[in-house]
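So the structure is just underneath, and the comments pick up after that.
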Amino acid sequence: MLELIKELCAIPGVSGREDAVREYIIGKIEGHAEYHVDALGNLIVFKKGKKPANHKVMLDAHMDEVGFIITGITPEGFLRFTKVGGIDTRVALGRAVKVGEHGISGVLGVKPIHLLDKKEEADMPKDDDLYIDIGARNREEAKTMVMVGDTAAFSGALSGNGNRVMGPYLDNRAGCAVLLETMQQTQHPTNDLYYVFTTQEEVGMRGAKPAAWAVDPEYALAVDVTCPDDQPGALHEATTKLGGGAAIKIMDHSVLCHREVVAR
């Protein structure tokens with residue numbers, strides 16, 4: 001499982017550019033299950049249940065990750081960008097990124113602190129103040145390396161201590177790994193199972209919605225990650241805890257989970 005997660009987390013796949021992640025997963029399931037790719041890029045894998053099947057069950061995990069898309073190049077060769085998905089600027093500053101299909105190395109930069117005035121020192125940098133530095137000397141050189149419309153993903157290999165792992169894209173390559181492992185362990189299901197690896201979750205669950213309409217399941221489980229409540233300053237009292245097992249969602253800002261499914 002650890003090697004599987006490492007391999008999945010090493011593949012860039014910003015929302016809308018999940019192709020490489022999908023091809024990796026297809027390589028894992030080729031010859032073991034029926035599958036097709038829909039117009040939005042969702043990978044829908046089917047395993048027939050025993051006849052007559054009790055239910056049609058859909059298991060979902062999204063393939064995409066948050067990141068950036070390049071919107072412009074300055075005369076000095078710096079890249080302007082906009083965010084893809086929910087990224088907190090506070091945790092993005094100074095982070096290493098990989099840009100474009102060729103994985104050009106860059107760093108997410110901001111005006112150096114020794115050049116700031118007192119007011120600027122007190123304020124959080126605005127997104128418009130940020131840029132990606134790929135080491136280009138000017139716009140012409142930068143254009144030989146990247147182009148407007150390229151995406152940028154956070155850089156960094158999976159690491160860990162003991163049975164804990166850290167990495168920028170456990171959301172949601174961990175869920176993809178769980179689905180692949182479930183598929184491996186469930187060779188002769190009672191129910192018809194649809195394993196759905198979806199696109200564009202980070203920008204509004206745009207892949208999962210049409211995939212759910214297409215499969216039309218009686219039961220569905222979305223396998224994703226969530227925040228722990230056992231760290232300093234948490235709003236709740238350890239309703240979720242690292243190492244405490246899977247969390248079962250009751251509600252969030254987008255959904256009230258079905259009571260029967262939660263109970264089961």
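This one's a predicted model, so the numbers in the text were calculated from it and none came from an experiment.
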Answer yes or no: is there a side-chain heavy-atom contact under 4.5 Å between [X] and [Y]?
{"X": "Asp150", "Y": "Glu101", "result": "no"}
{"X": "Leu40", "Y": "Gln200", "result": "yes"}
{"X": "Ser15", "Y": "Val66", "result": "no"}
{"X": "Glu30", "Y": "Tyr35", "result": "yes"}

On a heavy-atom basis, which atom in [X] and which in [Y] lie closest, and how many Å separate them?
{"X": "Val261", "Y": "Ala220", "value": "CG1-O, 4.5 Å"}
{"X": "Pro12", "Y": "Ala153", "value": "CB-CB, 4.4 Å"}
{"X": "Ala212", "Y": "Pro217", "value": "O-CD, 3.5 Å"}
{"X": "Met145", "Y": "Ala136", "value": "SD-CB, 4.2 Å"}
{"X": "Pro189", "Y": "Leu193", "value": "CB-CD1, 3.6 Å"}
{"X": "Cys257", "Y": "Val262", "value": "CB-CG2, 3.7 Å"}

Among all residues two or more places apart in sequence or in another chain, which pass the salt bridge (Lys or Arg N to Asp or Glu O under 4.0 Å) test with [X]?
{"X": "Lys6", "answer": "Glu3"}
{"X": "Lys143", "answer": "none"}
{"X": "Asp133", "answer": "none"}
{"X": "Arg264", "answer": "none"}

Do any pairs count as a salt bridge (Lys or Arg N to Asp or Glu O under 4.0 Å) and have a residue in [range], sequence neighbours left out, and if so which ones?
{"range": "residues 14-23", "value": "Asp19-Arg22"}
{"range": "residues 84-95", "value": "Asp88-Arg90"}
{"range": "residues 62-81", "value": "Glu65-Arg173"}

Assess whether atom [atom1] of [X] is packed by more than 12 heavy atoms of other residues, nucleotides or ligands within 6.0 Å.
{"X": "Ile250", "atom1": "CD1", "value": "no"}
{"X": "Met166", "atom1": "CE", "value": "yes"}
{"X": "His36", "atom1": "NE2", "value": "yes"}
{"X": "Glu34", "atom1": "CD", "value": "no"}

- Item | Worked check of side chain to side chain contact (heavy atoms under 4.5 Å, CB included) between Val45 and Phe197 | CA-CA 8 Å; Val45 185; Phe197 300 87; 4.1 Å; yes

Within the side chain of [X], is there an N or O that forms a donor-acceptor pair under 3.5 Å with the backbone of [Y]?
{"X": "Asp129", "Y": "Lys126", "value": "yes"}
{"X": "Asn161", "Y": "Arg164", "value": "no"}
{"X": "His55", "Y": "Val57", "value": "no"}
{"X": "Lys47", "Y": "Met183", "value": "yes"}
{"X": "Arg139", "Y": "Gly77", "value": "no"}
{"X": "Glu181", "Y": "Ala177", "value": "no"}
{"X": "Ser155", "Y": "Ala96", "value": "no"}
{"X": "Thr199", "Y": "Gly16", "value": "no"}
{"X": "Thr74", "Y": "Leu79", "value": "no"}

Rounded to the nearest 0.5 Å, how far apart are [atom1] of [X] and [atom2] of [Y]?
{"X": "Ile132", "Y": "Lys98", "atom1": "CD1", "atom2": "NZ", "answer": "12.5 Å"}
{"X": "Asn42", "Y": "Glu201", "atom1": "CG", "atom2": "CD", "answer": "12.0 Å"}
{"X": "Tyr195", "Y": "Leu179", "atom1": "OH", "atom2": "CG", "answer": "7.5 Å"}
{"X": "Leu158", "Y": "Glu7", "atom1": "CG", "atom2": "CD", "answer": "11.5 Å"}
{"X": "Thr151", "Y": "Ile70", "atom1": "OG1", "atom2": "CD1", "answer": "8.0 Å"}
{"X": "Asp128", "Y": "Thr82", "atom1": "CG", "atom2": "OG1", "answer": "8.5 Å"}

Is there a path from [X] to [Y] through hydrophobic residues (I, L, V, M, F, W, Y) whose side chains come within less than 4.5 Å of each other?
{"X": "Val178", "Y": "Leu2", "value": "yes"}
{"X": "Val255", "Y": "Ile248", "value": "no"}
{"X": "Val107", "Y": "Ile87", "value": "no"}
{"X": "Leu180", "Y": "Val225", "value": "no"}
{"X": "Ile11", "Y": "Val37", "value": "yes"}

- Could you name each residue pair satisfying ring pair (Phe, Tyr, Trp, His ring centres under 6.0 Å) that touches residues 3-34, not counting sequence neighbours? none

- Item | Residue pairs, two or more places apart or on separate chains, that pass ring pair (Phe, Tyr, Trp, His ring centres under 6.0 Å) and touch residues 124-177 | Phe68-Phe154, Phe78-Tyr131

List, by chain and then residue number, the residues other than [X] in its hydrophobic cluster (Ile/Leu/Val/Met/Phe/Trp/Tyr, side-chain heavy atoms under 4.5 Å); write none if there are no others.
{"X": "Val203", "answer": "Val14, Ile69, Val84"}
{"X": "Met251", "answer": "Leu256"}
{"X": "Tyr194", "answer": "Ile44, Phe46, Met58, Val196, Val215"}

When you compare the side chains of [X] and [Y], does any donor N or O come within less than 3.5 Å of an acceptor on the partner?
{"X": "Asp60", "Y": "Thr198", "value": "yes"}
{"X": "Lys83", "Y": "Thr89", "value": "yes"}
{"X": "Lys249", "Y": "Thr226", "value": "no"}

- Given Ile5 and Leu8, is the side chain to side chain contact (heavy atoms under 4.5 Å, CB included) satisfied, shown in steps? CA-CA 5 Å; Ile5 294 175; Leu8 282 164; 5.5 Å; no

- Note: Lys48-Asp192 ion pair, threshold 4.0 Å (strictly below): yes

